[in-house]
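Working notes, structure below.
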Amino acid sequence: MRVARAKAELREALAEPRVRGKSIGLVPTMGALHEGHLSLIRAARRECDVVVVSVFVNPTQFGPSEDLATYPRDEAGDLAKAEAEGTDIVFAPGAQEMYPQGFATAVEVSDVTEVLEGAPDQRGPEHFRGVTTIVAKLLNIVQPEVAFFGQKDAQQAVVIRRMARDLDFPVRIVVLPTVREPDGLATSSRNHYLDPQQRERATALSRALRTAEERAAAGERSIEGILAAARAELDAAGVEPEYLEAVDPDNLTPARSLNGRAVLLAVAARVGPARLIDNTIIKPDSRGG
Ligand code: AMP
């Protein structure tokens with residue numbers, strides 16, 4: 001496995017496989033690799049000839065009051081895990097390499113970045129502006145045929161698909177299911193922030209989503225009914241959601257009913273020092289009669 005710190009080094013490493021017609025897969029990450037990331041790397045390994053994993057804690061997607069300084073970093077562990085999954089190249093640039101002096105450009109997607117995580121009282125659309133800018137850069141640097149993302153960050157996946165479509169990036173975006181701990185908690189680098197008690201309370205998020213799914217499967221048709229069931233699980237655990245919303249999974253507009261179309265149920269909540277997000281898609285055929 002090769003580790004490239006510079007864009008030029010990465011391009012050079014990819015030049016030969018590219019001319020030989022090898023397919024290149026990209027897995028963008030912010031490191032502190034866990035099973036969620038590894039599931040993406042495994043999918044890339046299955047589908048592509050050359051697997052590139054990027055590890056870059058992107059400063060522009062963190063707000064001023066967010067956890068950039070404390071975000072978990074473990075490069076040695078990341079390299080070992082990436083290698084064990086058969087990664088060919090890890091691209092681990094420094095901030096200067098990605099945002100050199102004079103950097104003045106951003107990629108901005110509207111609408112789908114202005115709700116849920118992008119609402120003014122949440123992380124705001126600037127968060128996604130940071131995400132789309134760095135992902136656009138990574139897609140241009142690596143020029144993969146396929147790029148792999150996790151459903152854990154459902155809105156991010158919608159935003160990136162939209163960017164790739166609108167700006168004609170010649171890439172296929174693959175979104176893979178959320179990987180969970182045995183008790184349901186979605187694996188996340190931010191789970192490192194939780195002490196054992198908070199870790200236990202954090203299971204309320206996935207429990208709330210599962211309860212909503214069960215209600216839907218039992219025939220509940222009203223969005224309010226589904227949300228109330230989820231909300232009750234959070235309340236019982238003393239977890240106050242920052243948002244709990246049912247939206248259209250493609251354009252993130254509010255869902256009106258559970259009839260006929262899939263609904264994305266998304267939740268964000270602070271548990272101790274961690275801001276956690278989770279989501280599920282309730283499909284028409286999981287709604288019973
Ligand atoms: P991050 O390092 O948090 O920026 O995540 C990098 C990629 O891994 C993103 O596409 C995430 O959606 C994905 N990811 C993070 N957690 C999970 C998870 N629990 N299951 C599946 N994918 C995940």
Side-chain angles (χ1 to χ4, degrees), residues 36 109-125 127-128 131-132 149-163 165 173 175-181 183-188 190 201-271 274-289:
V109 174
S110 57
D111 296 335
V112 289
T113 59
E114 292 159 30
V115 297
L116 302 174
E117 291 294 288
D121 58 340
Q122 303 296 330
R123 302 187 77 179
H127 162 66
F128 288 112
V131 170
T132 44
F149 296 88
Q151 178 63 24
K152 159 76 168 36
D153 298 278
Q155 184 174 14
Q156 173 173 283
V158 168
V159 169
I160 286 166
R161 273 194 201 286
R162 187 67 62 90
M163 175 190 78
R165 191 194 74 182
I173 303 295
V175 180
L176 291 153
T178 301
V179 173
R180 297 178 181 283
E181 303 288 350
D183 63 5
L185 180 68
T187 59
S188 165
R190 291 190 168 96
R201 272 176 64 222
T203 60
L205 275 77
S206 58
R207 215 163 42 244
L209 298 173
R210 221 173 40 236
T211 301
E213 285 166 1
E214 286 164 6
R215 280 297 173 92
E220 174 69 75
R221 289 293 179 276
S222 112
I223 295 291
E224 293 70 28
I226 297 291
L227 290 174
R231 179 72 196 233
E233 285 295 333
L234 295 172
D235 285 350
V239 172
E240 175 66 28
E242 299 209 329
Y243 62 76
L244 170 65
E245 287 184 46
V247 298
D248 180 297
D250 297 323
N251 58 28
L252 308 183
T253 55
R256 290 186 210 296
S257 99
L258 283 162
N259 284 320
R261 295 205 60 182
V263 166
L264 171 69
L265 195 60
V267 62
R270 239 170 243 288
V271 177
R275 185 173 179 285
L276 304 176
I277 59 170
D278 201 351
N279 70 86
T280 188
I281 292 183
I282 300 179
K283 301 208 173 69
D285 60 9
S286 66
R287 285 176 212 155

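Between Val131 and Val159, every side-chain heavy-atom pair lies at or beyond the 4.5 Å cut-off. A heavy-atom distance below 4.5 Å is found between the side chains of Thr187 and Glu181. No side-chain heavy atom of Asn251 sits under 4.5 Å from any side-chain heavy atom of Asp111. Between Ile173 and Phe149, some side-chain heavy-atom pair lies under the 4.5 Å cut-off. In this structure, the side chains of Ile277 and Leu116 stay at 4.5 Å or more apart for every pair of heavy atoms.
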### Verdict with reasoning, Phe128 to Arg123, per side-chain contact (heavy atoms from CB on, under 4.5 Å)
CA-CA 9 Å; Phe128 288 112; Arg123 302 187 77 179; over 6 Å; no
### Task
Take Thr132 and Arg162 through the side-chain contact (heavy atoms from CB on, under 4.5 Å) test and state the conclusion after the steps.
CA-CA 10 Å; Thr132 44; Arg162 187 67 62 90; over 6 Å; no
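The shortest non-hydrogen separation linking Ala229 to Thr211 is O-CG2, 4.0 Å. The heavy-atom pair separating Ile281 from Ala262 by the smallest distance is CG2-CB, 3.9 Å. The shortest non-hydrogen separation linking Ala269 to Leu205 is CB-CD1, 4.2 Å. Scanning both residues, Pro125 and Gly118, for their nearest heavy atoms gives CD-O, 2.9 Å. Listed here is the closest heavy atom pair of Leu244 and Ala230: CD2-CB, 4.0 Å. In plain terms, the two heavy atoms of Val175 and Ala157 that are nearest each other are CG2-CB, 3.8 Å.
Distance CD/Glu224 to OG/Ser257: 10.0 Å, rounded to 0.5 Å. The CD1 atom of Ile160 sits 14.5 Å away from atom CZ of Arg165, with the distance rounded to the nearest 0.5 Å. Rounding to the nearest 0.5 Å places CZ of Arg210 at 13.5 Å from CG of Leu265. The CZ atom of Arg207 lies 10.5 Å from the CG atom of Leu185; values are rounded to the nearest 0.5 Å. Here the straight-line distance linking atom CG of Asp248 with atom OG1 of Thr253 works out to 4.5 Å at 0.5 Å rounding.
In this structure, the side chain of Gln122 engages the main chain of Glu242 through a donor-acceptor pair within 3.5 Å. Checked by atom type and distance alone, the side chain of Asn279 pairs as donor or acceptor with a backbone atom of Lys152 at under 3.5 Å. Under a 3.5 Å cut-off, the side chain of Gln155 and the backbone N or O of Val115 do form a donor-acceptor pair. Remark: side-chain polar atoms of Arg201 are not paired, donor with acceptor, to backbone N or O of Val271 under 3.5 angstrom.
Applying the salt bridge (Lys or Arg N to Asp or Glu O under 4.0 Å) test to every pair with at least one member in residues 249-260, sequence neighbours left out, gives these pairs: Asp250-Arg261.
Applying the salt bridge (Lys or Arg N to Asp or Glu O under 4.0 Å) criterion to Arg215, with sequence neighbours excluded, gives no partner residue. By the salt bridge (Lys or Arg N to Asp or Glu O under 4.0 Å) test, Glu114 is found to be paired with no residue, residues two or more places apart in sequence or in another chain being considered.
Under the salt bridge (Lys or Arg N to Asp or Glu O under 4.0 Å) test applied with Glu240, the options Arg270, Arg275, Arg231 reduce to a single match, Arg231.
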